[in-house]
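Structure first, then comments.
Chain letters run A, B, ... following the sequence lines, proteins first, then strands; residues in each count from 1.
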4 protein chains.
Amino acid sequence: MWFDIDPKSAIPLFEQIVSQVIFNIASGGLEVGDLIPSVRKLGSQLTVHPNTVAKAFQELERMGVVAERRGRGMEVTPDAPKICQLQRRQRVGNRIAEALREAMSSGLSPEEIRQLVESVIRSP
Amino acid sequence: MWFDIDPKSAIPLFEQIVSQVIFNIASGGLEVGDLIPSVRKLGSQLTVHPNTVAKAFQELERMGVVAERRGRGMEVTPDAPKICQLQRRQRVGNRIAEALREAMSSGLSPEEIRQLVESVIRSP
Amino acid sequence: MWFDIDPKSAIPLFEQIVSQVIFNIASGGLEVGDLIPSVRKLGSQLTVHPNTVAKAFQELERMGVVAERRGRGMEVTPDAPKICQLQRRQRVGNRIAEALREAMSSGLSPEEIRQLVESVIRSP
Amino acid sequence: MWFDIDPKSAIPLFEQIVSQVIFNIASGGLEVGDLIPSVRKLGSQLTVHPNTVAKAFQELERMGVVAERRGRGMEVTPDAPKICQLQRRQRVGNRIAEALREAMSSGLSPEEIRQLVESVIRSP
DNA sequence: GTGGTCTAGACCACT
DNA sequence: GTGGTCTAGACCACG
């Protein structure tokens with residue numbers, strides 16, 4: 001299980017947490033029936049306030065990706081893998097599309113953009 | 001001169017306006033000494049509140065890209081092209097890098113990402 | 001002895017258990033001197049955590065409805081029937097009053113509400 | 001426009017606020033295109049923290065009942081009346097059904113319950 | 001002025 | 001220990 005959170009990003013923290021949980025389920029890092037980390041544990045791990053994590057969890061619950069097990073925590077639902085794999089493609093695709101749309105509106109040529117993409121995809 | 005604004009994007013409107021002005025200067029759509037449109041004119045053209053446009057112009061002035069010509073409006077400075085071409089690469093590059101970083105952290109393979117990018121770059 | 005528990009209700013489980021014991025005593029299903037089921041037995045019967053049952057029993061003891069018989073369990077007290085018949089009317093009345101108060105504040109007419117009540121009272 | 005909030009109720013405040021807005025729209029007290037009161041205004045009117053009101057508004061936005069007008073407030077959507085009239089019946093019906101189900105499980109006869117209902121419906 | 005996000009910390013129900 | 005609700009108050013983006 002892996003979390004990649006950037007507190008300086010314009011994307012709200014709770015939204016980033018939602019995405020990361022989705023990605024973990026989509027890639028099999030979290031499986032059906034698993035308990036996801038508690039709000040307090042994850043909060044201290046990410047140095048984020050537990051309330052912020054809780055907000056992310058409520059969103060995930062609303063999506064049907066996790067369900068509360070009273071007094072135990074939040075459990076990955078049977079429907080989660082299907083939902084999350086779909087969501088992953090949508091979220092990743094949308095953000096790339098948005099960035100490329102901006103790139104093209106900037107006057108850079110498709111070739112320059114392709115080079116930029118390649119340099120990024122290889123580097124980090 | 002061309003503006004591509006998306007009011008539904010998570011990126012603040014004033015930030016999008018700043019970028020679009022920078023892109024117009026970088027690509028030669030606006031040249032040194034040109035007057036950029038007034039706050040009201042641009043506001044009504046983009047259906048954005050004039051205060052929001054004013055905030056963007058303030059930011060551009062702070063960057064040294066435009067300067068006030070008393071009684072005439074905001075004028076593109078001599079330094080602007082150099083600044084804007086640099087800014088364009090940085091802004092476009094950063095946003096692509098961010099989107100790709102997310103894509104890679106999502107568990108998709110580099111090959112899948114490359115395909116996604118190609119499909120987006122070709123479509124619209 | 002009969003228990004009607006809904007784990008999805010907004011009403012706390014322990015509160016539902018308290019009510020159900022009260023109703024059983026009020027209606028004569030449990031009589032003075034009877035032993036109520038043990039915390040573990042009732043817990044496994046209702047698939048509820050024993051601590052939750054224990055909390056309900058604590059509340060019932062505080063109300064004077066049951067008392068501990070050392071080594072035997074919890075026994076229905078002589079005062080219980082009187083207390084429980086009063087409590088039953090209060091609890092049922094309060095909850096109905098609350099639901100109807102909401103119904104009336106919703107803008108539905110008394111006639112529409114009466115119909116709703118009739119349809120519910122006849123159906124299940 | 002009318003709000004009936006009970007801070008002592010077991011129902012969460014934000015949920016009560018959601019219901020009350022729905023009821024107001026369903027009964028025509030709020031019409032399509034109206035701005036609902038701001039989080040701060042409604043918060044101080046109900047002596048509830050603005051964050052609690054905001055949580056209710058987010059739920060309403062998620063339901064498609066209101067939409068944000070950036071910098072102006074939350075506006076009643078065209079779909080709202082239909083949604084709210086449906087929701088009103090469901091919410092009111094559910095709560096009455098729950099209360100009556102409890103009443104019947106308490107051992108009271110249908111006739112006693114009907115009398116209770118009538119006495120409540122006539123009194124306040 | 002508007003709502004959105006975040007931190008902080010309290011209390012509660014439940015296991 | 002778990003999550004849910006609420007209060008409190010800060011800062012931000014937008015009009």
Please enumerate all residues that pass side chain to side chain contact (heavy atoms under 4.5 Å, CB included) together with C:R62, with sequence neighbours excluded. C:E59

Report all side-chain donor-acceptor pairs from residues 38-54 of chain C shorter than 3.5 Å, counting only partners two or more places apart or in another chain.
from: C:S38; atom 1: OG; to: C:K41; atom 2: N; distance (Å): 3.0
from: C:S44; atom 1: OG; to: C:K41; atom 2: O; distance (Å): 3.1
from: C:H49; atom 1: ND1; to: C:N51; atom 2: N; distance (Å): 3.0

Figure out the CD/P separation between C:E59 and E:dC14, and round it to whole Å. 12 Å

Residues two or more places apart in sequence or in another chain: which of them pass salt bridge (Lys or Arg N to Asp or Glu O under 4.0 Å) with D:D6? none

Given the rule that a pair is Watson-Crick or G-U wobble with both distances under 3.5 Å, how would you write DNA chain E in dot-bracket, using | for pairs to a different strand? ||||||||||||||.

Is the backbone N or O of A:E31 less than 3.5 Å from a side-chain atom of A:D34, with the two atoms forming a donor-acceptor pair by type? yes

Can you sort out the partners of B:I11 under side chain to side chain contact (heavy atoms under 4.5 Å, CB included), two or more places apart, ordered by chain and number? A:E98, B:S9, B:E15, B:Q16, B:R95

For B:Q58, which residues count as a side chain to side chain contact (heavy atoms under 4.5 Å, CB included) partner, sequence neighbours excluded? none

Distance check needed: F:dC14 C1' versus B:I5 CD1, whole Å only. 14 Å

Run the side chain to side chain contact (heavy atoms under 4.5 Å, CB included) test against D:S27 and tell me which residues pass, sequence neighbours left out. D:R88

Please encode protein proximity along nucleotides 1-8 of chain E as a string of B, S and -, counting only heavy-atom distances under 4.0 Å. BBBSSBBB

Would you give me the side-chain donor-acceptor pairs under 3.5 Å for residues 66-84 of chain D, sequence neighbours excluded?
from: D:R69; atom 1: NE; to: D:E75; atom 2: OE1; distance (Å): 3.1
from: D:T77; atom 1: OG1; to: D:G64; atom 2: O; distance (Å): 2.8
from: D:T77; atom 1: OG1; to: D:V65; atom 2: O; distance (Å): 3.2
from: D:T77; atom 1: OG1; to: D:A80; atom 2: N; distance (Å): 3.3

